[in-house]
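Chain letters run A, B, ... following the sequence lines, proteins first and then strands; every chain starts at 1.
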There are 2 protein chains.
Amino acid sequence: MRSRRPTMVDVAREAGVGLKTVSRVVNGESGVSPELVDRVFQAVAKLGFRRNAMARDLRAGRSTASVGLVIEDLGNPFYSSVARGVEQLTRDRDFVLMTASSEEDPERERGLVLELCQRRVEGMIIVPTALDHSFLQAEIEMGLQVVFLDRPATGLIADTVLVDNLGGAIAATDYLLDRGHHRIAVLGHEAKVWTMRQRLAGFRSALARAGVPYPEDLVCLGPLTPADAAAATAQLLDGGDPPTAFFACNNRMTVGVLAELQRRGGAADVSGFDDIETAGLFAQPLALVSYDAAEAGRRAAQLLLERLDGRRTPQQVVIPTTLVRYGSETAGRRAPATGAGARTPGPRAARASTRAGSGSGAGG
Amino acid sequence: MRSRRPTMVDVAREAGVGLKTVSRVVNGESGVSPELVDRVFQAVAKLGFRRNAMARDLRAGRSTASVGLVIEDLGNPFYSSVARGVEQLTRDRDFVLMTASSEEDPERERGLVLELCQRRVEGMIIVPTALDHSFLQAEIEMGLQVVFLDRPATGLIADTVLVDNLGGAIAATDYLLDRGHHRIAVLGHEAKVWTMRQRLAGFRSALARAGVPYPEDLVCLGPLTPADAAAATAQLLDGGDPPTAFFACNNRMTVGVLAELQRRGGAADVSGFDDIETAGLFAQPLALVSYDAAEAGRRAAQLLLERLDGRRTPQQVVIPTTLVRYGSETAGRRAPATGAGARTPGPRAARASTRAGSGSGAGG
DNA sequence: GTGAAAGCGCTAACAC
DNA sequence: GTGTTAGCGCTTTCAC
């Protein structure tokens with residue numbers, strides 16, 4: 001029993017009123033007699049009428065009350081937190097979220113962006129993978145609003161939300177330096193990724209300030225998965241003059257390093273970028289650069305909404321990071337007896353902000 | 001410099017051809033002379049024309065080549081994996097994914113579903129929170145295709161993808177029973193949630209089969225966050241005749257239980273529903289009911305696509321679970337020396353499937 | 001091969 | 001207060 005979707009004309013006929021009256025009632029406009037309002041609602045309910053948003057938006061000459069979110073991978077906890085944050089702000093304005101994963105493929109990213117343009121989204125939040133986003137300039141001139149997240153766009157001036165990569169990496173490196181390490185290995189993604197370059201720069205900067213030479217032989221860029229990182233860790237440890245500590249540039253690297261250390265019963269100190277929800281339960285103590293991913297999403301959404309409301313001067317927001325130490329020196333020996341040990345929920349063990357405020361100002 | 005978005009009419013004028021010719025070229029139809037094709041493409045590029053999908057779909061009388069995904073919380077790892085799985089299949093058909101979080105609020109869920117109906121999505125994948133979905137019947141009769149995920153819908157016959165809750169819970173309980181426990185505590189969400197009832201039923205069933213009495217005083221339903229679960233764990237442990245083991249009905253419960261045990265240096269055995277990515281790095285050994293959330297999303301998307309292609313007989317798919325043991329008895333004492341210990345990436349320590357196949361068949 | 005006209009379902013402007 | 005008309009940007013007849 002597959003019936004056709006009723007239109008306003010159908011409703012008008014059913015209610016015995018004119019088309020415009022139905023439109024008025026459905027849109028909650030005033031100036032319709034209570035009796036007709038009732039008849040229209042009755043007909044709407046009887047026919048199961050749902051106003052066609054396509055026709056409505058088309059006629060009104062506007063976009064589709066929706067925002068596009070182009071990220072690397074929806075399945076990654078960082079991005080899903082971001083998506084959640086974005087959603088929290090956009091849902092209040094009755095925007096629909098169209099999510100798409102670029103999979104770090106510039107071509108795919110471009111395709112998704114243009115696809116969303118064709119769907120006439122009002123705005124987009126993009127985690128840029130492509131090296132050049134000037135192709136968006138034309139869309140922007142035609143009314144598309146864009147906010148970049150996690151990395152700045154190249155070839156384009158636009159609102160941007162970034163994480164304090166430099167400060168976080170410095171804090172993570174200082175943590176290891178403070179514990180007396182001079183041979184610190186670094187594991188990270190390819191250096192072509194902007195965030196990775198920033199984090200590496202922070203690492204170098206912290207070493208330089210401490211007068212510790214940059215360990216060329218301990219810098220391992222390329223691994224993608226935890227398994228890759230574990231293998232790389234093994235190789236580093238098996239080399240001559242092995243590292244005594246590790247700086248993992250993202251959560252996947254951290255997990256890989258820890259897994260290999262645990263497998264060996266090794267005791268290297270570890271710090272890493274990106275927080276891990278369950279780090280308080282780990283056998284090994286470590287320090288992680290933490291930041292609020294959902295907040296990054298919320299800020300991006302906020303910037304986008306402001307733009308849709310008319311703001312035109314580009315802004316940049318930097319999300320602050322915090323170094324969180326998980327587990328104590330004694331942790332791992334079947335949980336500490338004191339309350340000062342690792343714990344996942346509740347207050348964190350030790351925090352040190354790498355940035356004072358949430359720094360927002362004109363940029364570009 | 002905010003210019004108006006060009007339409008096909010603009011392109012036609014620019015190229016000096018008729019409207020229909022532009023339409024033909026833009027849609028890759030044959031039967032246009034190469035010369036005109038070229039002129040049209042030139043004009044398209046010059047003006048930055050992007051075909052308006054709203055107008056196109058409206059005129060064609062079809063839906064918007066999009067699927068809606070209504071889940072509980074995009075930020076939850078389980079749901080973001082599901083979303084990723086859905087996306088993997090739908091992107092190939094050039095569908096756009098509209099994601100929305102119901103936040104376990106039946107009213108909100110209903111609102112989101114109807115909103116997506118107004119947007120004329122072709123189909124929806126819903127994790128049902130509401131108790132009654134018969135209101136969807138009308139939409140379905142008007143062409144909407146629906147697949148339910150994680151829980152069956154009530155008051156409605158439709159395609160459904162479920163996890164083997166019963167089998168998983170039995171396996172998790174058996175694990176604890178096999179280790180000699182008779183006083184097993186259960187922590188879980190409210191029993192009004194279908195999955196929770198299933199998991200509890202599995203727990204009861206395993207106990208009954210082992211001749212162990214159901215421990216009324218150790219069943220704690222209600223906690224939502226890890227902190228709630230930790231507090232509940234503390235209360236259970238501080239009571240008279242405390243439990244010697246815990247069955248945590250979801251990942252948040254598991255984390256809470258472990259956190260409290262770790263804080264106390266306690267040694268209770270733990271098993272839990274839902275896998276945790278980093279469980280191999282935990283100080284405490286445990287067993288987790290694991291299943292492929294992304295696969296659940298893919299299967300749901302597959303069912304939806306089949307429906308869009310014309311299938312009409314309702315189907316049900318059950319995603320199998322596996323009990324994964326993390327860490328050995330010696331784990332936690334600063335990592336085991338042998339390779340048999342916990343490790344996160346790579347092959348899992350010990351698996352025992354709770355279901356033979358991926359069971360798919362007619363249902364409803 | 002190509003283009004003019006009609007119309008998808010709705011809203012905006014105007015008459016009644 | 002209410003209904004009629006036109007038209008959003010596109011596709012679909014159907015002439016030429």
Side-chain angles (χ1 to χ4, degrees), chain A residues 3-41 43-44 47-65 115 117-122 142-143, chain B residues 3-41 43-44 47-65 115 117-122 139 142-144:
Chain A
S3 48
R4 194 178 54 83
R5 270 202 184 275
T7 71
M8 280 195 180
V9 175
D10 299 321
V11 175
R13 194 183 309 121
E14 175 73 28
V17 299
L19 171 60
K20 180 61 197 174
T21 301
V22 176
S23 175
R24 274 196 261 262
V25 172
V26 167
N27 290 304
E29 288 170 30
S30 59
V32 182
S33 74
E35 191 204 318
L36 286 198
V37 170
D38 202 57
R39 288 220 318 255
V40 169
F41 275 136
V44 164
L47 299 179
F49 169 79
R50 306 263 173 256
R51 181 181 57 195
N52 186 326
M54 277 189 270
R56 173 182 164 86
D57 291 336
L58 177 61
R59 174 61 242 241
R62 69 189 133 181
S63 319
T64 56
E115 171 75 37
C117 281
Q118 292 197 166
R119 307 249 182 179
R120 297 294 189 266
V121 297
E122 292 206 13
M142 287 187 270
Chain B
S3 48
R4 194 177 56 82
R5 267 199 184 277
T7 71
M8 280 194 180
V9 176
D10 299 320
V11 175
R13 195 183 308 120
E14 174 73 27
V17 299
L19 172 59
K20 179 60 197 174
T21 300
V22 176
S23 175
R24 275 198 259 263
V25 172
V26 167
N27 291 302
E29 288 170 30
S30 58
V32 182
S33 72
E35 192 202 318
L36 287 197
V37 171
D38 201 56
R39 290 224 312 262
V40 169
F41 275 136
V44 164
L47 299 179
F49 170 78
R50 305 261 173 259
R51 182 181 56 196
N52 186 324
M54 278 189 270
R56 173 182 163 85
D57 291 336
L58 176 61
R59 174 61 243 239
R62 68 188 133 182
S63 318
T64 57
E115 171 76 38
C117 282
Q118 293 197 165
R119 307 251 181 176
R120 298 294 190 267
V121 296
E122 292 207 13
E139 308 301 327
M142 288 188 270
L144 179 71

Residue set satisfying side-chain hydrogen bond (donor to acceptor under 3.5 Å, both in side chains) with Asp57(B), at least two apart, ordered chain then number -> Arg62(B)
Between its two end axes (five pairs each) the helix from dG1(C)-dC16(D) to dC16(C)-dG1(D) turns, nearest 10 degrees, through 40°
Value for CZ (Arg120(A)) from CZ (Arg51(B)), rounded to nearest 0.5 Å, stands at 10.0 Å
dist Leu58(A):CG -> Arg59(B):CZ (nearest 0.5 Å) comes out at 12.5 Å
Within residues 28-40 of chain A, those residues having any heavy atom closer than 4.0 Å to DNA chain D are Gly31(A), Val32(A), Ser33(A), Leu36(A)
- Just wondering, do Val9(A) and Val22(A) contact through their side chains at under 4.5 Å, heavy atoms? no
Within residues 51-61 of chain A, the residues having a heavy atom closer than 4.0 Å to DNA chain C are Arg51(A), Asn52(A), Ala55(A), Arg56(A), Arg59(A)
Here the pair of heavy atoms bringing Val32(B) nearest to Leu36(B) is CG1-CB, 3.9 Å
Discussion item. Measuring only between side-chain heavy atoms, which start at C-beta, is Arg13(B) closer than 4.5 Å to Asp10(B)?
Written reply: yes
Hits for salt bridge (Lys or Arg N to Asp or Glu O under 4.0 Å) against Asp38(B), two or more places apart or cross-chain, chain-then-number order -> none
With the threshold set at 4.0 Å, does a side-chain nitrogen-carboxylate oxygen contact exist between Glu115(B) and Arg50(A)? no
Here the pair of heavy atoms bringing Glu139(B) nearest to Cys117(B) is OE1-SG, 3.5 Å
Using a cut-off of 4.0 Å on non-hydrogen atoms, how would the nucleic acid contact of Val17(B) be classed: base, sugar-phosphate, or nothing? sugar-phosphate
Closest heavy-atom pair, Ala15(A) versus Arg39(A), reported as atoms and distance to 0.1 Å, is O-NE, 3.0 Å
Separation of dT11(D) atom C1' from Arg24(B) atom CZ, nearest Å, is 11 Å
Residue pair Leu19(B)/Arg120(B) against DNA chain C: nearer the 5' end by closest nucleotide is Leu19(B)
When rounded to the nearest 0.5 Å, the distance separating NZ of Lys20(A) from CD of Glu29(A) is 5.0 Å
One should read off an interatomic distance between Arg4(A) CZ and Leu47(A) CG, to the nearest 0.5 angstrom, of 9.5 Å
Just so I know, are the side chains of Thr7(A) and Asn52(A) near enough to count as touching, which here means a heavy-atom distance under 4.5 Å? no
Chain B reaches DNA chain C, atoms under 4.0 Å from its heavy atoms, from dG1(C) to dG9(C)
From CZ of Arg5(B) across to C1' of dC10(D) the rounded distance in Å is 15 Å
